[in-house]
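Okay, so here's the structure we're looking at.
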Amino acid sequence: MKIATWNVNSLNARLEILLEFIEKRKPDIIALQETKVEDDKFPLHAFNEVGYKCLFKGQKAYNGVAIISKMDWDKYEKNFEDIEGEQKRIIMAEINGIKIINAYFPHGKMVDSSYFQFKLDFIKKLKEYISKLKNVILLGDFNVAPEEMDVYNPDILQYSIGFSVDERNALNELYSIGFVDVFRLHNKNKGEYTWWDYRSNSFKRNAGMRIDHIWAFKNIASKSILCYIDKEIRAKPKTSDHAPVVAEFDL
DNA sequence: ATGGTGGTAAGACCA
């Protein structure tokens, strides 16, 4: 089973590149974040035509998540209001006994803002929710880089959003309920990022952060074969500021 | 890099 995650930064703006990505990688499941499209405007046909079903939950202009899958789901869950509030950030599909949780964690803006506390609360509530579950793959844009090797300059970024101590501690508590970082399991190199700011020529300088993740519970991660970041997609013109992450499992 | 770029939607707001 091949599963991918990509923060598209607008599904409509990225539809063409996403379809190229699907053609190239042929993933069984794709988790999308920041679709920025309301449900009645979701481009369902584009995916149905190439053999995928869609589960989605969006809103105008901001947020929005979707699961695009070759296989049908046995169950799904869209109601995560206790964790996300009014923002459309979490969606779950249960496929072949595995709970695929696609999450777009809050950005947090600045470490001293009210948005930051919302981010910490979100991570804590998500942990409480998932800790009651079995057979989980959690993937998406977590908006946190876990380790020093996951950012281009840990000294500069240690007080910045996405790498501050409080965020990394919250993320580590979520991780500690039984997850394995599937990318890190298969790749120990530093300088491997999933997001580069559009500004300041960041991609060319590789001034990025690894904030998009595929995490699996240990029993599932033990069946993972490989995991990689598709930088070719980030290198394209008019692309997202995030690169897709792809993992393959022998399930 | 107290700048910079991009998406949405039509002037800010979010990232």
Side-chain angles (χ1 to χ4, degrees), chain A residues 5-21 31-43 46 56-66 83-91 102-123 126 139-146 150-164 166-168 170-171 193-213 229-245:
Chain A
T5 178
W6 191 23
N7 178 325
V8 287
N9 185 19
S10 169
L11 180 54
N12 282 321
R14 227 61 67 197
L15 192 54
E16 203 174 318
I17 297 179
L18 176 56
L19 291 169
E20 284 175 34
F21 171 74
L32 304 175
Q33 304 86 39
E34 285 204 88
T35 55
K36 301 186 178 180
V37 64
E38 290 173 296
D39 289 352
D40 60 349
K41 294 178 181 135
F42 192 92
F56 45 87
K57 189 175 92 172
Q59 64 185 92
K60 192 189 280 189
Y62 305 112
N63 310 312
V65 283
I83 304 171
E84 66 190 12
E86 297 299 309
Q87 303 179 10
K88 310 299 187 191
R89 292 180 175 276
I90 308 171
I91 196 163
N102 174 18
Y104 172 48
F105 289 34
H107 176 271
K109 267 190 189 177
M110 309 270 278
V111 292
D112 54 356
S113 70
S114 59
Y115 297 89
F116 186 72
Q117 194 55 50
F118 175 62
K119 181 178 195 174
L120 296 181
D121 291 344
F122 180 101
I123 297 170
L126 188 61
L139 78 172
D141 176 1
F142 295 12
N143 264 316
V144 184
D150 297 317
V151 297
Y152 66 96
N153 193 328
D155 294 333
I156 286 176
L157 294 171
Q158 61 177 320
Y159 305 113
S160 300
I161 201 72
F163 193 61
S164 70
D166 288 346
E167 291 164 78
R168 290 164 62 198
L171 195 72
Y193 309 128
T194 66
W195 173 83
W196 300 259
D197 201 312
Y198 283 126
R199 298 165 289 188
S200 311
N201 225 0
S202 299
F203 185 62
K204 280 187 180 162
R205 295 190 294 121
N206 198 29
M209 298 172 71
R210 195 174 70 91
I211 57 175
D212 301 83
H213 303 291
I229 299 161
D230 192 339
K231 285 180 78 172
E232 283 178 17
I233 293 294
R234 180 62 180 81
K236 287 181 175 291
K238 299 289 285 178
T239 194
S240 171
D241 46 353
H242 295 253
V245 184

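All values below were derived from every heavy atom in this structure, side-chain atoms included, with hydrogens, water molecules and symmetry-related copies excluded. Convention: sequence-line order gives letters A, B, ...; per-chain numbering from 1. Every value quoted in this text rests on a predicted model; they were computed, and no experiment measured them.
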Just the atom pairs and distances: protein N or O near nucleotides 2-5 of chain B's N or O, under 3.5 Å.
| unit_1 | atom_1 | unit_2 | atom_2 | d |
| --- | --- | --- | --- | --- |
| B:dG4 | O6 | A:R199 | NH1 | 3.4 |
| B:dG4 | N1 | A:R199 | NH1 | 3.2 |

Interface polar pairs with nucleotides 8-11 of chain B, N/O, under 3.5 angstrom:
| unit_1 | atom_1 | unit_2 | atom_2 | d |
| --- | --- | --- | --- | --- |
| B:dT8 | OP1 | A:S10 | OG | 2.0 |

What residues, two or more places apart in sequence or in another chain, satisfy side-chain contact (heavy atoms from CB on, under 4.5 Å) together with [X]?
| X | value |
| --- | --- |
| A:S10 | A:N12, A:A13, A:K36 |
| A:S113 | A:K109, A:M110, A:Y115, A:F116 |
| A:D121 | A:Q117 |
| A:D39 | A:F56 |

| task | Report the distance from atom CD of A:Q87 to atom NZ of A:K57, rounding to the nearest 0.5 Å. | result | 11.0 Å
Rounded distance in Å between the [atom1] positions of [N] and [M]:
| N | M | atom1 | answer |
| --- | --- | --- | --- |
| B:dT5 | B:dA10 | P | 24 Å |
| B:dG4 | B:dA9 | P | 25 Å |
| B:dC14 | B:dA1 | P | 26 Å |

| salt bridge (charged side-chain N to carboxylate O under 4.0 Å, His left out) partners of A:E38, counting only residues at least two apart | A:K41
| remark: For A:K119, the salt bridge (charged side-chain N to carboxylate O under 4.0 Å, His left out) test, sequence neighbours excluded, returns A:E167
| request: Sequence neighbours left out, what passes ring-ring contact (aromatic ring centres under 6.0 Å, His included) with A:F21? Give chain and number order. | output: none
| note | One should report the stems of DNA chain B, each a stretch of at least three consecutive Watson-Crick or G-U pairs at distances under 3.5 Å, as B:5-8 with B:12-15
| remark: Here the salt bridge (charged side-chain N to carboxylate O under 4.0 Å, His left out) pairs for residues 200-211 of chain A, sequence neighbours left out, are A:D150-A:R210, A:D181-A:R210
| query | Which residue pairs pass the salt bridge (charged side-chain N to carboxylate O under 4.0 Å, His left out) test with at least one member in residues 234-245 of chain A, sequence neighbours excluded? | reply | A:E20-A:K236
